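Only one structure is covered here, and it is reproduced in the block below.
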Amino acid sequence: MRLIFMGTPDFALVSLKALAAAGHDIVAVYSQPPRQAGRGKALRPSPVQAWAEAKSLTVRTPVSFKNPSEIADFSNFAADIAVVAAYGLLLPRAVLGAPTNGCLNIHASLLPRWRGAAPIQRAIQAGDTETGVTIMQMEAGLDTGPMLLKRAISITSDTTGGSLHDELATLGGAMIVEALEQQTTLSSVVQWAEDVTYAHKIGKAEARVDWSLPAAEIERMVRAFNPFPGAYFETRGQRITIFRANVVAGNGVAGTVLDDRSTIACGRGALQPTVVQRQGRTPMTVENLLRGFSIPAGTVVA
C-alpha cells in the first residue's frame, strides 16, 4: 500500500521498520521537529526521523497542522492509508480523512482502558495484570475510534516501564502489518464509554516518592517509572533514584529509614530499595551506594 507513517520515538520506529520490511510503499514519514538535547543543546532528530532519512525516505516535521499548506502537502501524497504511532500531534479532520482508507493508530493499551499519553506506565502503576496493543481507526477524539485488532500480554511483578515498552513496541509492529494485510476482513468494534480510563501525561513532580502511600503502590510506581522519569527521593542534598525495590514488613513514621539497609517506612508497610542511582552517578545496588553514602537509621527522607 501507499502509506504515510507518523511517529516520533523508539516505540514508533519499531512499527516503521516492520512496515518497510513488509514491502509497503512509504511515501512520506512525519515526525515531530528535532529537539535540543545534550550538554551542547544541539538539535537532535527523533529516532523515526533519523532512521527515515538514513533510508532516503521523504520526511516532514511540521510544528502543527494549523497551516492549510501543511494539510495540502499531506493530501498531495495521495496515500492509501496513514499509520500513526506515538506521533505526539493532534490530527485535524482534514488530515484524518485525506488518505483513501483513513488513519490507523497503534495504541499501547487494551482500549478503552488507558487512553492518552502514558498508557504503559499507568497500567503498571494501577496494578493491572495485563495490557496490550490496540489497532484502531482514528477519529477526531483522543483515542476514541473503533477498534480493529487487539492483543494482550501479561504484566508481572518484574515488569518495568522499559521492559513493557519494548514488548509492546514489538507486538505493535507485528500487529500493524497483520492489520494492513487483513484490512478488508477486519471487523470494527466500538469502544464502550463506561470502560474508559485516561493515562495522563507524567509530570516531573509526580516522580518524587510520596512515602505516605502504601509500600505496594510505591513499588509499582518504581517499576512503572523505570527507566523514565525515575522515582526518586532526596536526602543529604542528594537525589536518589530508585530503579528496583521490594515491599517488606516494617512500621514507622512515613519516610523514616528503619535500618542499615535503607528500608524506608511507608503509609502502610515498608519499601527496601535494591537498585538505586545517586545524582550524577551510575545505577548500583543499594549496598554499593551505602559504602560511600551513609543513610543511617532514623533519617527522614523526602
Side-chain angles (χ1 to χ4, degrees), residues 1-9 11-12 14-16 18-19 22 24 26-32 48 62 64-66 70-71 74-75 77-123 128 130-153 165 168-169 171-201:
M1 299 181 76
R2 282 178 59 85
L3 67 83
I4 295 171
F5 185 83
M6 310 179 82
T8 299
F11 180 89
V14 176
S15 291
L16 174 57
L19 291 166
H24 291 284
I26 302 171
V27 296
V29 173
Y30 278 73
S31 192
Q32 286 206 35
V48 164
S64 73
F65 285 94
K66 294 180 180 179
E70 291 290 354
I71 297 175
F74 184 90
S75 299
F77 285 115
D80 297 319
I81 201 163
V83 172
V84 183
Y87 180 37
L89 288 182
L90 291 175
L91 304 183
R93 293 182 187 276
V95 168
L96 294 173
T100 304
N101 296 295
C103 300
L104 298 187
N105 179 247
I106 306 166
H107 187 75
S109 82
L110 298 174
L111 290 171
R113 186 160 178 80
W114 302 127
R115 292 177 180 175
I120 295 173
Q121 293 88 346
R122 299 306 184 193
D128 291 3
E130 69 172 10
T131 187
V133 170
T134 304
I135 307 296
M136 70 171 186
Q137 190 80 41
M138 293 183 71
E139 296 179 342
L142 178 63
D143 301 328
T144 59
M147 303 175 293
L148 302 177
L149 197 60
K150 289 172 78 170
R151 295 276 162 73
I153 62 172
H165 169 281
L168 294 177
L171 179 61
M175 287 175 63
I176 191 59
V177 171
E178 180 181 343
L180 293 184
E181 290 174 349
Q182 301 178 8
Q183 190 183 12
T184 58
T185 61
L186 290 175
S187 299
S188 62
V189 178
V190 175
Q191 298 184 41
W192 291 103
E194 57 265 32
D195 296 329
V196 170
T197 58
Y198 284 96
H200 297 288
K201 184 177 180 180

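Values below: every heavy atom of this structure, side chains too, minus hydrogens, waters and symmetry copies. None of the values given here were measured: they were computed from a predicted structure.
- If you take OG on Ser187 and CD on Gln182, they are separated by 11.0 Å, rounding to the nearest 0.5 Å.
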Problem set entry | Gln137 and Met147: CA distance, side-chain angles, deciding distance, side-chain contact (heavy atoms from CB on, under 4.5 Å) verdict | CA-CA 6 Å; Gln137 190 80 41; Met147 303 175 293; over 6 Å; no
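- Within the 4.5 Å cutoff, no side-chain heavy atoms of Phe77 are placed close to those of Pro99.
- Looking at Trp114 and Asp143, their side chains never bring a donor and an acceptor atom within 3.5 Å of each other.
- Looking at Lys150, its side chain never comes within 3.5 Å of a backbone N or O of Gly132 through a donor-acceptor pair.
- By the 4.5 Å heavy-atom criterion applied to side chains, Gln183 and Met1 are counted as neighbours.
- Between Ser15 and Val83, the closest side-chain pair of non-hydrogen atoms is not below 4.5 Å.
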For this session: Please report the C-alpha distance between Thr197 and Arg115 in whole Å, then the side-chain angles of each, then the deciding distance to 0.1 Å, and finally whether the side-chain contact (heavy atoms from CB on, under 4.5 Å) criterion is met.
Result: CA-CA 6 Å; Thr197 58; Arg115 292 177 180 175; over 6 Å; no
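- Using a 4.5 Å heavy-atom threshold, the side chains of Leu110 and Glu130 count as touching.
- With rounding to the nearest 0.5 angstrom, the CD atom of Gln121 is 12.0 Å from the NZ atom of Lys201.
- In plain terms, the two heavy atoms of Ala86 and Phe11 that are nearest each other are CB-CD2, 4.3 Å.
- Judged purely by atom type and a 3.5 angstrom limit, Thr134 uses its side chain to pair as donor or acceptor with the backbone of Ser109.
- Taking each heavy atom of Met138 and Leu91 in turn, the nearest pair found is CE-CD1, 4.1 Å.
- Here the side chains of Leu149 and Leu186 are in contact, with some heavy-atom distance below 4.5 Å.
- Here Val133 pairs with Ile106, Ile135, Leu168, Leu171, Met175 under the side chain to side chain contact (heavy atoms under 4.5 Å, CB included) rule; sequence neighbours left out.
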Exercise. side-chain contact (heavy atoms from CB on, under 4.5 Å) between Leu180 and Leu104: does it pass, once the steps are laid out?
Worked result: CA-CA 9 Å; Leu180 293 184; Leu104 298 187; 3.9 Å; yes
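- Here the straight-line distance linking atom CG of Asp80 with atom CZ of Arg2 works out to 7.0 Å at 0.5 Å rounding.
- Taking every heavy atom of both residues into account, Ala94 and Ile71 meet most closely at CB-CG2, 3.8 Å.
- Between the side chain of Thr131 and the main chain of Ala123, no donor-acceptor pair closer than 3.5 Å is present.
- Rounding to the nearest 0.5 Å gives a distance of 13.0 Å between OH of Tyr30 and OG1 of Thr8.
- To the nearest 0.5 Å, the span separating CG on Leu90 from CG on Leu142 amounts to 7.5 Å.
- Of all non-hydrogen atoms in Phe5 and Ala85, the two that sit nearest each other are CZ-CB, 4.2 Å.
- Residues Ile26 and Ile4 form no side-chain contact, since every pair of their non-hydrogen atoms from C-beta on lies 4.5 Å or further apart.
- Put simply, the side chain of Pro119 reaches to within 4.5 Å of the side chain of His107, judged on heavy atoms.
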For this session: Assess whether side-chain contact (heavy atoms from CB on, under 4.5 Å) is satisfied between Ile176 and Leu19, documenting all intermediate values.
Result: CA-CA 8 Å; Ile176 191 59; Leu19 291 166; 4.0 Å; yes
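- The closest donor-acceptor contact from the side chain of Asp195 to the backbone of Pro112 lies at 3.5 Å or more, if one exists at all.
- Between Arg122 and Asp128 there is no salt bridge, since no side-chain nitrogen of the basic residue lies less than 4.0 Å from a carboxylate oxygen of the acidic one.
- Nearest heavy atom pair, residue Ala12 against residue Val48, reads CB-CG2, 3.9 Å.
- The two residues Val84 and Cys103 make their nearest non-hydrogen contact at CG2-CB, 4.5 Å.
- By the 4.5 Å heavy-atom criterion applied to side chains, Gln191 and Met136 are counted as neighbours.
- Gln32 contributes a side-chain N or O that, together with a main-chain N or O of Tyr87, makes up a donor-acceptor pair within less than 3.5 Å.
- Going from atom CG of Leu3 over to atom OG1 of Thr100 covers 12.0 Å, rounded to the nearest 0.5 Å.
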